[in-house]
Each structure stands twice: as C-alpha cells, then as structure tokens.
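What follows is a single structure, written as structure tokens, with notes after it.
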Amino acid sequence: MNKVQLINVEKNYNSHEKLKIKEKGFNLHIPNLIIEEGEFFGLLGPSGCGKSTLLKLVAGLLEMDKGNIYIENRDISMVTTEKRNIGMVFQEPLLFPHMTLKDNVAFGLKMRKVKGTEREEEVSKILSIVGLKGLEKRYPNELSGGQQQRGAIARALVCKPNILLMDEPFSALDPKLREEMRGFIKELQKKYNITIIFVTHDKEEAFSLFHRMAIMEEGKIVQIGSPKELYEKPKNMFVSRFLGIKNIFTGNIKEDYFYGEGFKLYIGMKYRNNLRKNLCNTALKFEKTGETEEASLNKYLAIKPEGCKVIKELKEGFSNSKSYNDNFSYIHGEVKNTTFIQGFWHLEVNISLKCSLYVIQINEENMDFSPGDRVIVKCNLDKIDFIGE
Ligand SMILES: Nc1ncnc2c1ncn2[C@@H]1O[C@H](COP(=O)(O)OP(=O)(O)OP(=O)(O)O)[C@@H](O)[C@H]1O
C-alpha cells in the first residue's frame, strides 16, 4: 500500500523574499515519489541537496509552492502539521529540559487530551519498548546522549504516528553509540512495521538501514533503489562517487578492449553480450563521427573490488589482459598497499603509472601479500560495468 506519495512537489527558495536577486536560488522538484507501508526509506545526498526540505514538506513544517502530498491516499497538502499525525526525530533530542523523561514522552498525549491512566499505560509501554524503563523520573540532563535520543524516539512514537520522519538522528552521537542506535532503530522498525523516512549523508548508515533510498542532487532525485541495486548499478558518476564506489576508470573501448590510462583490459565477452545495446539509452553516448562507434566512445569503466582476485605472479610469459576463458580478464600489476581486516585482504594494486585497482578478497592459505609483489589481477567480467556521466 502507498503510505506516502509526493506528486509534482516543488519548493523554490528563490521566491524567498530575504534572498537577494543575484543569489542563486534553490529549487526542489519531486515529480513522483512513493514510499510504501512499512518501508524504511532513506534520503541521501550531499549537504544542501534538499533532504531536510523534503522532510519538512512531508511534515507540513514548510509550505510547498506546487504539488500534492498524499498519506494513505488522502491528500494532506492543506492539512496542518498537528493533524498530519507524523512523528519527528531530529539530530538533537530536543527534550524539554524542565520535564522528566516520563513527562516529555507524555506531552503529545496530553496535548491530545488522552486521559491519565491511558496516558500512563501508553508512556510505560513505549518506554519499555525503547529500553528506558526505570528512568522515568530522570531529567534530560541526567540521561546519556543515546538515552536522550531513545527518549525522543519514544516521544515521537507514543502517539502512534502514520510515519516517522528522522533527520540525521544519530549524527551527534559517538561512533559506538551510533552503531548501537542503528541496530536499535532497525529492530524497532522491523518489529512494529513502522514507515520511516530517514535523512542521512552517511553511506554506511544508509547501507545498513534502508530498504530503499533516494540519492538527491541539487533538489532532484537522481536515483532510487535498494542499497544493493544502487551499488550494483549506479546511474551515473555522481551516484558512484557519492556512494564511494571504487575503481572507476576513464577510457575508450576499441574492439574487445577497454583502454584506460596506461592499461588495457579485455572486455570482449561483456561487450559482445549486448551490453552496448543495453547501455545505449542510459550511459553511453555514441557520437556519430563516421569512425567506428567503439573508437569514439569515452567511458567510465567500473570494476567491483569484490569481483577481482589477486594472484601472485609465479611464471613469466603471462600475456597482459588476455582472457583465458570468456568470463575473466587478467591484468598485471604491482601491490601498492595491503590491509588485512578480519579475514579479508584489502589490496591496492598499481596497474599502470597512473591507475591503481582496489581489490577485496578473502584470505587463503599461502596467499600473503606485501607492497612490491608482482601480481596478476583476475577480473570477473560480470563485475565490470560502464557508467554514464
Ligand atoms: N529558509 C531558507 N531560505 C532560503 N534557502 C534555504 C532555506 N532553507 C534551506 N535553504 C537552502 O536550500 C537548500 C537545501 O537545504 P536543506 O536543508 O534541505 O539541505 P540538506 O540536504 O538537508 O542539507 P544538510 O545535509 O546540510 O542538512 C540549501 O541550499 C539551503 O541553503
């Protein structure tokens, strides 16, 4: 079921009278965004791309210039914030300092005129759900950062909101607590099937939490998908860079090879497999120059670190970049850096004077690596792709 839908929503800060005429305005435009019931949905993007603006529009804290917002198929565009029944959690817990935790959590219910005993029951229930039972009488300054944020979550959930909006709720916490809180919200979301829209610019947070996420740039959604989909098929260089996807090389395709800066990689099978046809509409721009299409292509080649395997070069005469069977390509290199993390090698291999390839592979017996080792990198052609600009 559609829980939230935004249709043709626009917010233009140009019309903000405080902005000087010459100042470049900001324009948010969301043609159509659907968030499903029980979905943990992320809004991701660099600072200033409009994540909080989008959240505020859903909450009714900002007025739209155009468009409609629906919650459970009801147009709430003209409905006030209080009547939208939305829970909100911000970066700072924003608990009232002069109230106990219990009173803070009860506040929303009191405003809704929920009677004493029912209120007590609801507050007690939600405090035990967020793991704060026993701390009812404490004031915010007597709670840790994580406890305060749990208090803020309890306060947002106690009125049984339609949706929970969270704007970088854990970014002020230290790394250990942040991880703990991520685990906590993930479990809570799953257990109670809460629909959450969560703003972050932290990739790690995004990959560990969201069912789906939207990557935003300058007020627009560039790509939507599950973290896995976005990692495997980033739409363009902006998404790839933002997600920190490694091993992206510029170069040209000619015949069965990709020519990067100082290296070449056999991509025959991948190329023949109609990849070119699939990408024509999205990524690759074929210039009609009269030359062969292949020669005139300027492309970004992405090689997934986990799709490669580094093998020690034992014998001479291994011809560079030749495929021994159709689904792999081989490239010579020299190990530049090695890091061993919990059973995995993270290797940086120089494949030319200008380019290095980052590889992640499981540790195997007799497979120790050191900087300076001559190696062969075996690339799985299923794990290479081309990306549009
Ligand atoms: N009230 C306002 N008046 C004018 N411009 C504004 C206003 N609020 C935000 N902006 C501008 O709109 C753009 C989007 O802001 P927004 O806070 O939505 O970004 P964000 O993606 O949430 O950023 P961050 O990650 O830094 O919180 C920014 O360029 C910002 O300067």
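Counting starts at 1 for both ligands and their atoms, following the listed order.
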Any heavy atom of K56 under 4.0 Å from ligand 1? The part involved is neither
Checking heavy-atom distances from atom 28 (C) of ligand 1 to each of S171, G48, S47, the winner is G48
The complete set of salt bridge (charged side-chain N to carboxylate O under 4.0 Å, His left out) pairs with one or both residues in residues 43-61, sequence neighbours excluded, reads none
Counting heavy atoms under 4.0 Å, the part of M216 that contacts ligand 1 is neither
ask   = Do K309 and E364 meet the salt-bridge criterion of a basic N to acidic O distance under 4.0 Å?
value = yes
| query | Would you say G50 contacts ligand 1, with heavy atoms under 4.0 Å as the rule? | reply | yes
A student checking ligand 1 against T53 at a 4.0 Å heavy-atom cut-off should list atoms 14 (C), 15 (O), 16 (P), 18 (O)
Taken in chain and number order and not counting sequence neighbours, the residues that satisfy salt bridge (charged side-chain N to carboxylate O under 4.0 Å, His left out) with K190 are none
Check this for me, if you would: do K102 and E136 make a salt bridge, where the nitrogen-to-carboxylate-oxygen distance has to be below 4.0 angstrom?
no
One finds that the ligand 1 atoms under 4.0 Å from a non-hydrogen atom of E168 are 25 (O), 27 (O)
In K3, R212, M213, H211, the residue satisfying side chain to side chain contact (heavy atoms under 4.5 Å, CB included) with F41 is R212
message = Any nitrogen or oxygen of F26 lying under 3.5 Å from a nitrogen or oxygen in ligand 1? Just yes or no.
response = no
Does a donor on one side chain and an acceptor on the other come within less than 3.5 Å for Q91 and D167?
-> no
In ligand 1, the atoms that come under 4.0 Å of a heavy atom of H201 are 25 (O)
